[in-house]
> 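Below is one structure. I have some questions about it.
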Amino acid sequence: MAELSFTKEELDEVERLKAKFPTNKAATLRVLWLAQEKYGHVKPDVQNLVADTLELPRSHVHGVASFYTQYYKEEMGKFVIDVCTCLSCQVCGGYDMLHHFEEKLGIEAGETTEDGMFTVKEAECLGACGYAPMLQITNGVYVNNLTEEKIDKVIDNLRNGNMPEFESMVMRQNEKRKKAVSE
Amino acid sequence: MIEDWKSYEPVIIPDIPNLHKIDVYEDNGGYKALRDILGNQDKWSRGEVTNEVKAANIRGRGGAGFNAGLKWSFMPEPDDRPRYLACNGDESEPGTFKDRSIFEFNPHLFIEGAIIAGYAMSIDTIYVYIRGEYIDWIDILEGAVQEAYDKGYLGENILDTDFDIDFEVTYGAGAYICGEETGMLESIEGKRGYPRIKPPFPAQKGLWGNPTTINNIETLANVPLVINNGAEWYRSIGAEGHNGPVLYGISGNVNKPGVYEYPAGMSVMTLINEVAGGMRGGKELKALIPGGTSTPVLRADQLDGVTMDANSLNDAGSMMGTAGMVVMDEDTDMVDLLWRITHFFHHESCGQCTPCRDGTGWLEKLMLKIKNGDGEIKDLDLLLDVTTQMEGRTICALADAAAWPVRHTINRFRDEFEARCKKSVHAVA
Ligand SMILES: Cc1cc2nc3c(=O)[nH]c(=O)nc-3n(C[C@H](O)[C@H](O)[C@H](O)COP(=O)(O)O)c2cc1C
Ligand code: SF4
Ligand code: FES
């Protein structure tokens with residue numbers, strides 16, 4: 001396998017991230033994110049790249065990468081679907097949504113489809129409890145108020161390369177805002 | 001009890017389109033509090049700002065409800081060390097989803113509040129730590145911070161005074177424990193989010209060993225309101241002893257879930273039946289978790305006359321927490337619910353302390369057994385016994401937060417748990 005490396009531009013970004021903090025070490029999480037965006041995961045060789053770039057012990061970066069759940073320590077599907085089954089989502093049918101994914105894609109939570117398109121996971125509360133049940137796609141956009149029909153559409157759209165759009169959840173008290181958003 | 005809630009106009013997230021843009025925020029009185037302070041530092045000395053905020057009694061919105069101004073006053077006198085404010089936007093307590101509304105709809109109110117806090121405590125750098133899952137909201141906040149720099153509210157010589165402050169946004173990568181304040185400090189320092197043993201407290205030794213104060217995002221968003229309208233005005237909103245506007249995050253089996261802004265001390269039943277549109281499908285209310293997973297569940301028959309403030313909730317047998325209210329209807333299976341809660345805490349325990357690491361593991365294992373119909377009555381008592389072994393013996397409060405829901409859910413729904421257990425084969429002596 002070819003030696004991993006950051007481009008000049010990425011190294012500039014590393015410098016920008018380092019400048020936020022008084023120590024190099026503090027940039028660890030941010031540079032791991034940068035690496036994951038580039039490679040799609042942070043397997044050990046990617047962790048080593050981060051450690052060497054920041055001139056930190058590899059063991060430190062390994063410890064950090066393994067502590068945080070959003071870092072992918074193995075290769076994932078093209079789309080990683082995190083279905084929340086925690087408290088409010090559980091109460092509002094989160095497990096039904098997860099099972100619908102499992103049936104529809106023929107995999108179990110934690111697995112990846114054979115074509116490498118989808119990984120489905122069970123997630124802890126994602127901070128969208130009022131819009132339950134909900135999911136997040138590849139550490140990015142949230143899809144709220146799930147139904148089986150909505151899930152079917154999301155899957156079809158993703159297969160066609162269409163990512164759902166960011167959805168603004170305006171407070172119901174804010175009538176003027178709601179109007180402005182819908183216009 | 002708040003009688004006139006229907007005429008209440010939100011002030012944390014007012015009904016103003018595009019308020020996240022700095023021009024709109026300024027047109028609506030934004031950054032006036034900061035201008036007033038910096039323009040009249042004789043009136044608004046650093047100590048006076050702290051005193052006003054202390055008098056307002058802004059109770060921390062991150063869960064513990066501690067008076068923000070009082071916390072600020074714990075910072076030592078400035079010396080040659082850098083001083084930090086760390087703003088907690090980790091928002092990972094299940095049932096809680098309100099701080100992200102501030103990032104999205106009124107980020108400058110929070111930024112202004114943080115700058116004022118920074119002035120009051122002679123802070124050099126403000127860090128905002130947000131959960132990594134909120135990447136879309138992180139982008140919004142970063143845009144707002146850039147606007148504030150461009151307009152001269154951040155950086156050097158703010159508003160042409162000799163006041164300087166830096167503001168850095170950073171984020172995590174998925175770990176509930178990074179919401180615990182010292183776990184968050186470790187994470188900002190680029191490490192695993194292992195909570196620290198206290199003392200020393202962050203005001204003495206926080207970020208990189210320097211004086212640091214930690215506040216929740218919503219807590220800080222209240223600060224400009226206090227400066228503009230005075231502590232007395234702020235104290236007049238809501239309940240005695242627990243006052244001010246509150247972002248109630250209402251979720252679960254109601255018709256109109258979402259974030260609502262009303263005074264502290266709202267009647268629980270009003271929030272469920274009128275504000276949130278009542279129970280979905282006309283079902284019966286069964287239970288309420290008033291302020292995030294860690295706060296003890298209350299049965300419907302315990303909710304008569306209860307209001308959303310520390311005193312009333314304590315009397316009822318629970319806590320205000322984050323005001324993330326999870327409403328459950330008659331179909332909710334309390335055994336399944338509690339199993340899922342124990343799974344959460346076991347998953348999120350950082351593993352530093354044996355009573356927490358092993359205790360949360362035991363709780364989950366026993367609950368799984370009961371959920372699957374393999375439990376016995378004696379397992380319920382074992383569960384309660386495990387909770388007493390966990391409490392007050394650990395570095396941080398996660399172990400307590402895991403123990404409370406187990407104890408209270410079993411005690412308050414004991415019949416339901418016993419019904420899931422195998423009948424004892426021994427005759428009752
Ligand atoms: C396990 C655990 C998780 C916590 N998570 C959060 C959180 O996500 N957000 C938050 O603001 N406070 C959280 N807290 C509370 C913080 O430790 C701290 O009290 C709070 O941020 C202080 O701000 P405040 O005084 O303005 O509320 C958590 C505490 C514990 C023990
Ligand atoms: S109580 Fe639990 S989460 Fe907190 S430090 Fe100890 S092991 Fe970690
Ligand atoms: S419980 Fe699912 S987003 Fe909070």
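Note on naming: letters A, B, ... go to the chains in the order of the sequence lines (proteins, then strands), and numbering restarts at 1 for each one.
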> Tell me, side chain or backbone of B:Lys98 under 4.5 Å from chain A's heavy atoms, or both, or neither?
neither
> Checking B:Tyr127 against chain A: side chain, backbone, both or neither under 4.5 Å from a heavy atom?
side chain
> Given heavy-atom pairs under 4.5 angstrom as the criterion, report whether the side chain, backbone, both or neither of B:Ile341 touches chain A.
side chain
> Quiz question: by atom type and distance under 3.5 Å, do the side chains of B:Arg83 and B:Thr212 form a donor-acceptor pair?
no
> Please look at B:Arg192 and chain A and tell me whether the side chain, the backbone, both or neither of the residue comes under 4.5 angstrom of a heavy atom of that chain.
both
> Should the pair B:Tyr262 and B:Trp5 be assigned to parallel (<30°), tilted (30 to 60°) or perpendicular (>60°) ring geometry?
perpendicular
> I'd like to know whether the aromatic ring centres of B:Phe344 and B:Trp339 sit less than 6.0 Å apart in this structure.
no
> Using non-hydrogen atoms only, which part of B:Val259 is less than 4.5 Å away from chain A: side chain, backbone, both, or neither?
both
> Let me know if B:Pro94 has heavy atoms under 4.5 Å from chain A in its side chain, its backbone, both or neither.
both
> Would one find more than 12 heavy atoms of other residues, nucleotides or ligands at under 6.0 Å from atom NE2 of A:His62?
no
> Of the backbone (N, CA, C, O) and the side chain (C-beta and beyond), which part of B:Ile13 lies under 4.5 Å from a heavy atom of chain A, both, or neither?
both
> Decide whether B:Glu104 and A:Ser168 meet the rule of one side-chain donor and one side-chain acceptor closer than 3.5 Å.
yes
> Is A:Lys104 paired with A:Glu148 through a side-chain N to carboxylate O contact shorter than 4.0 Å?
no
> Taking every heavy-atom pair that is under 4.5 Å apart, which of B:Lys256, B:Glu133, B:Glu189 has the most such pairs with chain A?
B:Glu133
> Determine whether the aromatic ring centres of A:Phe67 and B:Tyr194 lie less than 6.0 Å apart.
yes
> Does B:Glu168 reach the main-chain N or O of B:Thr125 with its side chain, forming a donor-acceptor pair under 3.5 Å?
no
> Could you tell me how the ring of B:Phe103 sits relative to the ring of B:Tyr134: parallel (under 30°), tilted (30 to 60°) or perpendicular (over 60°)?
perpendicular
> For the candidates A:Ala128, A:Cys86, A:Ala65, A:Ala123, which exhibits the highest count of non-hydrogen atom pairs separated by less than 4.5 Å from chain B?
A:Cys86
> State whether the side chain of B:Thr332 and the backbone N or O of B:Met328 hold a donor-acceptor pair below 3.5 Å, judged by distance alone.
no
> Mind ranking B:Glu91, B:Glu261, B:His347, B:Arg280 by heavy-atom pairs under 4.5 Å with chain A and telling me who comes out on top?
B:Glu261
> Kindly check if the number of other-residue, nucleotide or ligand heavy atoms within 6.0 Å of NZ (B:Lys21) is above 12?
no
> Top residue by heavy-atom pair count (under 4.5 Å) with chain B, among A:Met171, A:Arg172, A:Gln90, A:Lys25?
A:Arg172
> Select one option (side chain, backbone, both, neither) describing which atoms of B:Thr96 are under 4.5 Å from chain A's heavy atoms.
backbone
> Could you look at B:Tyr248 and say if it's the side chain, the backbone, both or neither that has a heavy atom under 4.5 Å from chain A?
neither
> Counting heavy-atom pairs under 4.5 Å with chain A, which one of B:Asp329, B:Ile135, B:Asn253, B:Thr293 comes out on top?
B:Asn253
> Please look at B:Val254 and chain A and tell me whether the side chain, the backbone, both or neither of the residue comes under 4.5 angstrom of a heavy atom of that chain.
neither
> Using a cut-off of under 4.5 Å for heavy-atom pairs, which of A:Val170, A:Asn139, A:Leu32 has the most such pairs with chain B?
A:Val170
> With a 4.5 Å cut-off on heavy-atom pairs, point out which of B:Ile250, B:Ile289, B:Thr170, B:Ile188 contacts chain A the most.
B:Thr170
> Specify which of B:Ala175, B:Ser92, B:Ser101, B:Gly193 makes the most heavy-atom pairs with chain A at under 4.5 Å.
B:Gly193
> With only heavy atoms counted, which part of B:Leu207 is less than 4.5 Å from chain A, the side chain, the backbone, both or neither?
neither
> Counting only heavy atoms closer than 4.5 Å, note whether B:Asp333 contacts chain A via side chain, backbone, both or neither.
neither
